[in-house]
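Reminder, nothing fancy here: chain letters follow the sequence lines and each chain counts from 1.
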Amino acid sequence: MKRVARAAAFAALTMSASMTVAADFPQPLAEEPVPSVAELPASYPDSWIFVHDFHGNSLIDARGVIVDVAADNNNVRGQIPISHFGSITPSPTRSEIYVGETFYSRQTRGERTDVITVWDTKTLTPKGEIVLPGGKRGQFVTLVNSLQLTNNDKWAMIFNFTPGSSVTVVDLDSRAVVSEVDLPGCSLIYPTGARGFASLCADGTMTSIALDAQGKPGATVTSEAFNDIDSDPLFMTPAMVGRTGWFVSFKGNLRAIDFSGEAAKVLGSFPIPAQSGGTPEWRPGGWQVISADRAGLLYVLMNPKGGEGSHKDGGTEAWVIDPVAKTLVRRITLKNHSISVEATQQAKPLLVASRPDGSLDVYDAVTGAFVRTVASVAHTPITMTAVRR
Amino acid sequence: MKRVARAAAFAALTMSASMTVAADFPQPLAEEPVPSVAELPASYPDSWIFVHDFHGNSLIDARGVIVDVAADNNNVRGQIPISHFGSITPSPTRSEIYVGETFYSRQTRGERTDVITVWDTKTLTPKGEIVLPGGKRGQFVTLVNSLQLTNNDKWAMIFNFTPGSSVTVVDLDSRAVVSEVDLPGCSLIYPTGARGFASLCADGTMTSIALDAQGKPGATVTSEAFNDIDSDPLFMTPAMVGRTGWFVSFKGNLRAIDFSGEAAKVLGSFPIPAQSGGTPEWRPGGWQVISADRAGLLYVLMNPKGGEGSHKDGGTEAWVIDPVAKTLVRRITLKNHSISVEATQQAKPLLVASRPDGSLDVYDAVTGAFVRTVASVAHTPITMTAVRR
Amino acid sequence: MSGLDKFSEKMTRRVARATSRRSLLTLIGGALTGAAVIPVLPVSRAQAQGHGGGGGADPIAPQTTGNPQDPGDQTKCDYWRYCAIDGFLCSCCGGSASTCPPGTEMSPITWIGTCMNPADNRAYIISYNDCCGRSACGRCSCNRNEGDRPMVRPQANNDINWCLGTASAIYNCSTAVILGVALEQK
Amino acid sequence: MSGLDKFSEKMTRRVARATSRRSLLTLIGGALTGAAVIPVLPVSRAQAQGHGGGGGADPIAPQTTGNPQDPGDQTKCDYWRYCAIDGFLCSCCGGSASTCPPGTEMSPITWIGTCMNPADNRAYIISYNDCCGRSACGRCSCNRNEGDRPMVRPQANNDINWCLGTASAIYNCSTAVILGVALEQK
């Protein structure tokens with residue numbers, strides 16, 4: 001008790017001298033309960049996005065940041081950890097968030113454990129984890145297509161790289177591994193049809209693998225070669241319009257792939273209408289360079305200093321493309337050099353551009369008007385995933 | 001083999017066009033062996049220091065950086081990890097470095113394991129670890145007196161805080177816990193005599209606890225109260241001159257404590273000679289604000305804006321004090337606002353000042369002349385420990 | 001000192017009500033309470049809001065309670081309740097001045113400070129509960145050292161990681177919860 | 001293509017000699033080789049050398065070999081061997097352009113680039129071995145993307161963490177080791 005009294009004395013000593021109560025506030029502020037921990041809605045509003053903070057200077061301490069880009073303040077709503085070169089994929093229908101990650105028993109050394117951690121959207125607490133065998137989870141600067149869902153979000157598929165490629169399929173209900181599918185020469189996961197996935201291959205083709213009800217690989221369909229990897233490769237992350245993925249190439253050609261069927265169907269391609277003023281030319285640039293709104297308009301982050309090797313340099317404008325009319329609808333001049341773009345799936349979409357300094361700039365996607373900056377959201381805001389339903 | 005050939009083809013394609021060999025270099029550069037990993041000398045030169053990078057924005061990813069402050073380049077010689085709020089203490093006589101740290105099985109959650117990790121000075125690989133029971137390792141912004149050696153470096157002593165205080169003694173040969181000593185009301189570890197330690201207590205005294213040959217606590221000696229914690233407390237980290245610790249207080253009073261005997265002997269105190277020009281006054285400021293060179297001169301980081309609450313604000317000058325003559329020998333104007341100081345134990349000492357931006361400024365401690373900046377050594381260079389023998 | 005005794009008794013009761021039994025026992029039985037964590041001030045100043053690299057001339061958008069009796073911006077270090085806070089402000093991390101971010105655990109062992117509310121001119125007892133179990137939030141670093149004393153007096157020291165008694169000791173951010181009025185005036 | 005075949009055969013032999021049996025099998029049996037890691041360029045630019053907060057207008061002190069045939073500063077991104085490197089430069093982390101920092105493990109699986117040496121005008125095969133088992137070094141971030149291709153062609157992709165086949169996959173920094181001359185001129 002003596003110590004408590006002493007602490008109280010200390011507290012009393014630090015009080016300011018004036019103790020007069022202002023007449024306008026007859027009652028003091030109410031006492032507040034402890035402990036008190038915030039909760040989120042189980043289903044997030046469509047103005048929220050997941051920002052993957054890759055954390056360049058502390059790769060083991062990456063995290064996903066949940067951000068409301070439409071609010072005037074209180075924009076950062078929560079964070080969940082994502083270890084070294086991990087992946088984050090939300091499932092709105094299951095009210096869960098999945099994180100593919102790797103732990104060591106002594107943080108950077110010792111025994112390796114790969115897992116998919118299951119997070120509850122409402123409490124942001126881990127509900128469980130699925131241990132992935134073999135220590136083969138692929139580690140690279142995060143791409144959203146490294147961890148994807150299929151089978152009505154009943155299964156997760158995670159990409160392995162050893163440097164041999166494979167995909168591990170896990171059941172999210174039983175939290176058990178269902179199967180592992182070898183994927184020689186192909187990379188990443190683009191869900192197809194009801195149950196299965198496609199993958200982009202080093203020979204320029206796309207391979208589609210259907211999964212049976214037990215998760216075992218069934219028919220494999222390989223497309224014609226369409227990805228000119230040598231001279232004009234596609235960025236790996238498409239903008240999804242329904243089940244159609246819109247990929248953009250280093251040189252600004254747009255390519256649609258229909259993932260609605262059991263096998264991916266490679267559709268047509270058209271160039272972003274050329275614009276003058278580039279030095280030497282306008283090209284897509286950044287990390288996640290293309291996004292789509294609910295109406296199907298595409299937003300491409302463009303770099304005026306386009307050339308060989310410029311593809312990760314970010315951009316200064318977002319170009320709005322109507323892929324049906326094949327027209328450039330609008331050029332949005334960004335306030336700041338940006339590295340990734342994502343459109344919200346609101347009826348009136350917002351366009352979010354992430355900056356190298358960790359802040360997000362938010363634009364009215366319809367008018368291109370700057371709306372706000374959400375400052376210092378992340379150390380390295382490398383990918384963004386808008387809430388989708 | 002096909003893939004290999006393709007990779008080679010790619011490599012060939014990226015070669016620059018010109019293939020003419022300059023006549024002046026008839027032989028190409030030699031092939032270099034792989035794997036190749038650097039090693040350090042088992043015994044480090046006395047121009048090297050250990051910088052504890054607290055890593056403010058990623059507390060779990062702190063590290064110790066081994067820096068040669070006398071070299072013109074190649075200053076950063078190695079790094080070893082130090083987890084969340086850890087401690088680092090080198091033993092030159094054992095050619096080992098000890099790190100007190102805490103791990104979780106899932107990095108930030110799961111099962112907790114406290115350890116002292118034993119690092120080899122030459123290879124910077126972990127030689128082993130001593131698991132600390134009870135999950136009670138004290139976690140606070142690092143202070144070098146949280147982990148200390150005694151018994152001719154045969155034992156390590158680590159400070160626990162739960163918030164009850166205790167010290168765990170471990171044997172470094174057998175890598176086993178020897179004993180735990182309760183330390184009610186006292187903090188940190190200042191080795192005494194041949195085998196034992198003293199601790200600063202909340203009532204203003206210092207308590208000394210001798211350890212017997214089995215590491216069990218023996219005689220306890222408590223000093224008179226001398227630490228005026230309310231109005232002029234001592235900073236917790238002393239500058240060591242032999243076995244004499246020089247502590248400095250918030251208001252600039254220096255206090256010697258002799259740790260050579262079984263019980264700490266509190267010696268005299270004198271003020272740093274007052275200097276004009278402060279607003280309101282010059283006071284010590286920063287995190288590790290006092291250091292000593294081999295000749296026994298003291299270096300105190302001073303803040304011209306001294307006042308209540310300024311004690312962590314860093315400083316702009318280092319004042320050189322002769323504690324025998326009780327005089328201010330020199331004022332060294334620092335190039336940059338700095339947060340901690342440490343003198344090397346060279347015959348001609350260097351004074352190192354760490355900056356909030358993570359760089360170190362190095363001065364000739366004898367003349368006060370600026371020598372060099374070692375840039376970007378750490379994220380948060382909070383403490384520095386020079387090589388001592 | 002009888003005023004102070006009464007005050008401390010009241011505070012002890014308040015703390016007893018507000019915290020778990022385990023932490024109450026800790027309070028009574030040992031070295032008491034405690035402040036939030038911290039990046040040390042000069043360091044945190046340099047890093048404040050500058051996530052990972054020189055960032056953000058841009059400010060965090062202000063968050064006010066809307067209550068004229070509780071004035072100020074809870075994302076700013078000068079908000080009245082933060083008079084003895086240390087660490088990342090939970091208001092910037094998905095919590096609020098009195099609520100931990102989702103998924104963290106509020107530490108039951110806290111440092112108690114006393115801050116003047118400039119609106120009603122009352123002195124409030126503020127409990128600086130740390131939020132634990134998640135990595136350093138990284139937003140809105142704030143450190144105020146008036147009254148801070150070294151580790152030798154833990155209950156007055158804000159360098160300690162007060163994530164004690166929580167499932168994980170990993171530090172995320174700090175709150176500033178109103179426990180009550182320090183002294184009642186008649 | 002016979003020149004290229006010869007070249008690739010030579011390279012394969014070199015790689016075989018230089019790496020462990022296990023990695024050789026990997027090279028032959030599956031998707032091949034690979035580059036260093038990276039903070040993506042625009043990001044790493046913003047963070048380059050700016051440890052934790054806006055730091056360092058101050059440069060890292062230059063490190064040269066002293067050999068006129070191997071010119072340039074190994075702490076700078078424009079050093080000739082770094083033509084396809086990605087990540088933190090080991091020269092700034094306790095290693096060198098061809099040596100891992102103490103306590104790390106050099107990855108046996110590497111991305112092979114070809115860089116022109118401006119002094120002797122020869123094209124050298126450079127192996128970008130990552131150093132593994134320790135957290136991101138944090139000094140001298142460097143990313144050059146000429147010839148970089150997306151993940152669909154792993155052996156030309158520098159976004160991959162090539163700490164494969166090491167005891168720990170944690171990435172620390174990247175080296176640029178001379179494996180030999182790309183093509184011999186008569």
Side-chain angles (χ1 to χ4, degrees), chain A residues 2-3 6-7 9-10 13-14 53-63 79-84 86 99 101-115 117 119 124-129 131 163-165 184-185 201-204 229-231 308-309 358 376 378-380, chain B residues 2-4 6-7 9-10 13-14 53-63 79-84 86 99 101-115 117 119 124-126 128-129 131 163-165 184-185 201-204 229-231 308-309 358 376 378-380:
Chain A
K2 226 165 173 195
R3 282 180 166 285
R6 185 187 291 162
F10 177 80
L13 286 169
T14 61
D53 181 356
F54 182 62
H55 210 159
N57 272 333
S58 182
L59 299 168
I60 62 169
D61 197 14
R63 69 276 305 268
Q79 298 179 324
I80 58 174
I82 303 173
S83 76
H84 199 249
V99 172
E101 51 186 346
T102 297
F103 296 108
Y104 286 91
S105 55
R106 293 295 178 264
Q107 195 163 274
T108 54
R109 60 189 188 274
E111 194 190 341
R112 174 175 176 163
T113 307
D114 290 354
V115 300
T117 307
W119 293 87
L124 287 192
T125 51
K127 292 167 75 171
E129 66 181 18
V131 174
S165 293
C201 305
D203 58 5
I229 300 172
D230 279 326
S231 66
E308 173 57 34
S376 304
H379 306 87
T380 319
Chain B
K2 227 165 168 194
R3 283 183 164 279
V4 173
R6 184 188 291 163
F10 177 79
L13 286 168
T14 61
D53 182 356
F54 182 62
H55 210 158
N57 273 333
S58 182
L59 299 169
I60 62 169
D61 196 14
R63 68 274 309 266
Q79 297 179 324
I80 58 175
I82 303 174
S83 76
H84 199 248
V99 172
E101 51 186 346
T102 297
F103 296 108
Y104 285 91
S105 55
R106 293 296 179 261
Q107 196 164 271
T108 54
R109 59 188 189 275
E111 196 190 338
R112 173 176 176 162
T113 307
D114 290 355
V115 300
T117 307
W119 294 87
L124 287 192
T125 51
E129 67 181 19
V131 174
S165 293
C201 304
D203 58 4
I229 300 171
D230 279 327
S231 67
E308 174 57 34
S376 305
H379 307 86
T380 318

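- When heavy atoms are compared at a cutoff of 4.5 Å, A/Glu111 does not approach chain B at all.
- The two residues B/Asn57 and A/His55 make their nearest non-hydrogen contact at O-CE1, 3.7 Å.
- Heavy atoms of B/Thr108 lying under 4.5 Å from chain A belong exclusively to its side chain.
- The distance from the OG atom of B/Ser105 to the CD atom of A/Gln107 is 12.0 Å, given to the nearest 0.5 Å.
- Contact annotation: the side chain of A/Pro81 approaches that of B/Arg109 to within less than 4.5 Å [non-hydrogen atoms, C-beta and beyond].
- Under the rule for a salt bridge (charged side-chain N to carboxylate O under 4.0 Å, His left out), the partners of A/Glu308 that lie at least two apart in sequence or sit in another chain are D/Arg149.
- Judged as a side-chain contact (heavy atoms from CB on, under 4.5 Å), and not counting sequence neighbours, the contacts of A/Thr125 are A/Asp120, A/Thr123.
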